[in-house]
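We count ligands from 1, going down the list as the structure has it; atoms in each ligand are counted the same way.
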Amino acid sequence: MLSKESSVVVAATAGIVAAHAEQITACFYPDMLAAHPELLSVFNLGNQATGEQRKALAASVVAYAVHLIDPEAPSFTPILERIAHKHVSLGIRPEQYTIVGHHLLKAVGTVLGAAVTPEIARAWDEVYWLFAVQLIAEEARLYTRAGVDPSRPWESYRVVERIDEAVDVVSLVLSPAAGTEVPHHQPGQYVSVAVDLPNGTRQPRQYTVSTAARPNTLQITVRRVRGVDGAPDGQVSNFLTSAVAVGDVLQLSRPAGDVTLAESTKPLMLISAGVGITPITAVLEDVAARTPQRTVVLAHADRSAEHHPLRRATAASLAKLAETTRYTWYQEPGSVTGTDQEHFRPGLMDLSDLPIPLDTEVFMCGPLPFMRGVRRTLIERGVDPADIAYEIFGPDLWNTEPAPSVPA
Ligand SMILES: Cc1cc2nc3c(=O)[nH]c(=O)nc-3n(C[C@H](O)[C@H](O)[C@H](O)COP(=O)(O)OP(=O)(O)OC[C@H]3O[C@@H](n4cnc5c(N)ncnc54)[C@H](O)[C@@H]3O)c2cc1C
Ligand code: HEM
């Protein structure tokens with residue numbers, strides 16, 4: 001709990017810190033990475049270039065401070081869980097919190113200048129360490145549960161198969177190089193994959209396990225990210241989809257991630273766009289194997305049939321379910337043939353006239369603007385917001401931007 005003195009100071013300064021939070025984190029990262037170049041291979045440099053990670057860090061610290069001083073604030077547990085799982089997938093260690101804390105509070109001083117009195121600095125230092133201690137404790141619990149030594153988070157996996165899934169999308173089937181069993185994952189979880197890039201840098205990224213749990217192999221499905229408007233092509237996705245061959249060895253973390261399928265018998269709606277279909281495919285395979293009596297509605301949006309990954313895998317799972325409906329939207333519908341025409345709709349996903357069973361639980365994954373629009377429609381259609389689970393393929397910026405005014 002925040003001390004009484006610090007609560008007063010934080011309440012009085014939260015507004016100004018929030019208003020400058022992105023400036024503070026924008027100053028923090030270059031300063032810390034210059035002082036600790038060893039962290040360049042821990043942080044996602046793509047997110048550094050786009051500024052997404054600094055927005056996520058800023059938003060989380062402000063949300064944490066608000067939750068400390070406002071008893072009416074929404075539960076902080078989901079944010080804490082998401083960060084802890086991400087940290088654990090990257091082998092973040094308690095001693096690194098001292099480095100982050102030092103540079104974060106230094107950045108507060110740099111940006112806010114003389115306004116930061118020793119009293120204010122002390123109060124925000126207390127906020128930081130309360131947050132840090134909670135994260136360290138949760139991360140210790142997750143490491144212990146997975147049997148992982150955080151100083152050695154990476155395990156070698158050999159690529160045993162490469163599957164061309166769709167335009168620009170490749171699945172890599174991986175097997176532990178040591179011949180050990182694959183650690184169990186919950187459908188919806190991801191692994192971090194660390195690759196040594198041709199330019200000499202090492203970079204980690206997260207990839208969802210795109211099947212239900214299997215004892216000997218683990219599959220990831222990667223979409224090649226192409227640079228638009230002069231931005232460079234995505235580093236790791238291009239490496240994985242074009243340079244990695246059967247027989248190569250990759251470094252993987254244990255599966256992590258807090259967005260998983262809850263045990264339930266209620267109707268389930270699985271919604272995805274593009275490569276957001278990876279957790280959906282894993283969840284669907286798991287439901288088909290363990291609770292095939294569940295009513296499942298599958299809704300997917302993509303550019304075209306040729307861009308639609310994991311179609312065979314999802315069709316195979318759907319065939320095992322007692323009651324299912326499938327809807328597919330393609331922006332370029334020219335290529336739809338045969339059975340795909342069933343429940344096919346042209347254009348962007350629109351759920352406004354779809355039958356949605358009572359008490360439906362939703363699991364969705366896709367770009368943020370897409371998910372914001374879908375969520376709004378679902379709530380308008382009577383779905384309980386608490387029943388909508390979502391995964392984001394990047395730092396969580398869900399609460400940092402306004403909802404778009406047009407439906408996705
Ligand atoms: C929990 C989770 C699960 C995920 N699951 C999957 C999955 O199953 N399948 C999948 O394909 N992906 C998945 N992702 C996304 C994946 O982790 C990577 O983010 C994605 O592959 C892009 O990484 P990259 O290295 O190729 O791109 P990066 O090099 O990181 O680039 C990312 C973007 O930043 C832009 N950029 C980079 N540098 C600059 C610059 N200087 N200026 C302007 N723009 C720039 C690039 O053009 C690109 O659009 C997941 C992410 C998360 C967080
Ligand atoms: C109280 C301290 C910390 C807070 C509040 C914090 C917060 C966050 C947040 C909000 C994210 C994004 C999660 C997501 O939505 O995906 C994140 C990711 C991350 N954090 Fe932390 N963090 C802290 C400490 C640390 C420490 C000590 C390290 C180690 C150097 C670290 C390294 C990382 C890395 C590497 C990522 C992934 C970055 C990316 O993918 O761009 N963090 N953290």
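Residue Val42 approaches ligand 2 through these ligand atoms, each under 4.0 Å from one of its heavy atoms: 35 (C). Each of the atoms 14 (C), 15 (O), 16 (O) of ligand 2 lies under 4.0 Å from some heavy atom of Arg82. Residue-ligand proximity, Tyr190 to ligand 1, at heavy-atom distances under 4.0 Å covers atoms 1 (C). Heavy-atom contacts of Ala56 reach the following atoms of ligand 2: 10 (C) (cutoff under 4.0 Å). Atoms of ligand 2 lying under 4.0 Å from at least one heavy atom of Phe131, given by number and element, are 5 (C). Every atom of ligand 2 is numbered from 1 in the order shown, and the set under 4.0 Å from a heavy atom of Pro395 is 14 (C), 15 (O), 16 (O). Heavy-atom contacts of Ser60 reach the following atoms of ligand 2: 5 (C), 7 (C), 10 (C) (cutoff under 4.0 Å). Residue Val236 has at least one heavy-atom neighbour below 4.0 Å for each of these atoms of ligand 1: 24 (P), 25 (O), 26 (O).
Ranking the protein heavy atoms by distance from atom 41 (O) of ligand 2 puts Asn47 ND2, 2.8 Å first. Among all protein heavy atoms, the one lying closest to atom 32 (C) of ligand 2 is Phe43 CZ, 3.2 Å. The closest protein non-hydrogen atom to atom 16 (O) of ligand 2 is Lys86 NZ, 2.4 Å.
The backbone N or O of Ser6 sits less than 3.5 Å from a side-chain atom of Ser3, completing a donor-acceptor pair.
Within a 6.0 Å radius of CD in Gln331, other residues, nucleotides and ligands contribute more than 12 heavy atoms. Environment of CD in Glu181: sparse, with no more than 12 heavy atoms of neighbouring residues, nucleotides or ligands closer than 6.0 Å. By the neighbour-count criterion of 12 heavy atoms within 6.0 Å, atom CG of Asp196 is densely surrounded, having more than that number from other residues, nucleotides or ligands.
In this structure, the ring of His343 has its center less than 6.0 angstrom from the ring center of Tyr327. Between Tyr390 and Phe370, the distance from one ring center to the other does not fall under 6.0 angstrom. Residues Tyr207 and Tyr190 keep their aromatic ring centres 6.0 Å or farther apart.
Using a 4.0 Å cut-off between heavy atoms, Gln53 contacts ligand 2 through its side chain alone, with no backbone atom that close. Of the heavy atoms in His87, only side-chain atoms (C-beta onward) come closer than 4.0 Å to ligand 2. By the criterion of a heavy-atom distance under 4.0 Å, the side chain of Leu90, and not its backbone, is placed next to ligand 2. The side chain of Val100, and not its backbone, has at least one atom closer than 4.0 Å to an atom of ligand 2 (non-hydrogen atoms only; side chain from C-beta on). Residue contacts with ligand 2, taken as heavy atom pairs separated by less than 4.0 Å, do not involve Arg93 at all.
Residue Pro232 holds the heavy atom nearest to atom 46 (C) of ligand 1 of all those in Pro232, Pro279, Gly234. Nearest to atom 9 (C) of ligand 2 by heavy atom, out of Leu135, Ile83, Ile136, is Ile83. Atom 15 (C) of ligand 1 has its nearest heavy-atom neighbour, among Gln206, Arg205, His85, in Gln206. Comparing heavy-atom distances from atom 4 (C) of ligand 2 across Leu130, Leu57, Val133 singles out Leu57 as nearest. Atom 28 (C) of ligand 2 has its nearest heavy-atom neighbour, among Ile92, Leu104, Thr25, in Ile92. With atom 1 (C) of ligand 2 as the reference point, the heavy atom nearest to it among Phe393, Trp129, Tyr128 is part of Tyr128.
With respect to the salt-bridge test (charged N to carboxylate O, under 4.0 angstrom), the residues Glu361 and Arg294 qualify. A salt bridge links Arg254 to Glu155: one of the charged nitrogens lies within less than 4.0 Å of a carboxylate oxygen.
With rounding to the nearest 0.5 Å, the separation of CE in Met371 from OG in Ser272 is 11.0 Å. Atom CG of Asp31 and atom OG1 of Thr110 lie 7.0 Å apart (nearest 0.5 Å). Remark: Thr201 OG1 to Leu40 CG distance equals 9.0 Å, nearest 0.5 Å.
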Worksheet entry | Step-by-step side chain to side chain contact (heavy atoms under 4.5 Å, CB included) determination, Phe393 to Glu391 | CA-CA 7 Å; Phe393 282 1; Glu391 180 57 280; 4.2 Å; yes

- Query: When you look at Asp149 and Arg152, which way does the salt bridge (Lys or Arg N to Asp or Glu O under 4.0 Å) test go after all the steps?
  - Reply: CA-CA 5 Å; Asp149 171 353; Arg152 282 182 286 132; 3.3 Å; yes

Requested in this report: Determine, stepwise, if the pair Asn199 / Gln235 fulfils side chain to side chain contact (heavy atoms under 4.5 Å, CB included).
Outcome: CA-CA 10 Å; Asn199 65 8; Gln235 290 203 63; 3.6 Å; yes

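Distances shorter than 4.0 angstrom occur between a heavy atom of Ile392 and an atom of ligand 1. The closest approach between any non-hydrogen atom of Gly257 and ligand 1 is not below 4.0 Å.
Remark: atom 32 (C) of ligand 1 lies closer than 4.0 Å to no protein heavy atom.
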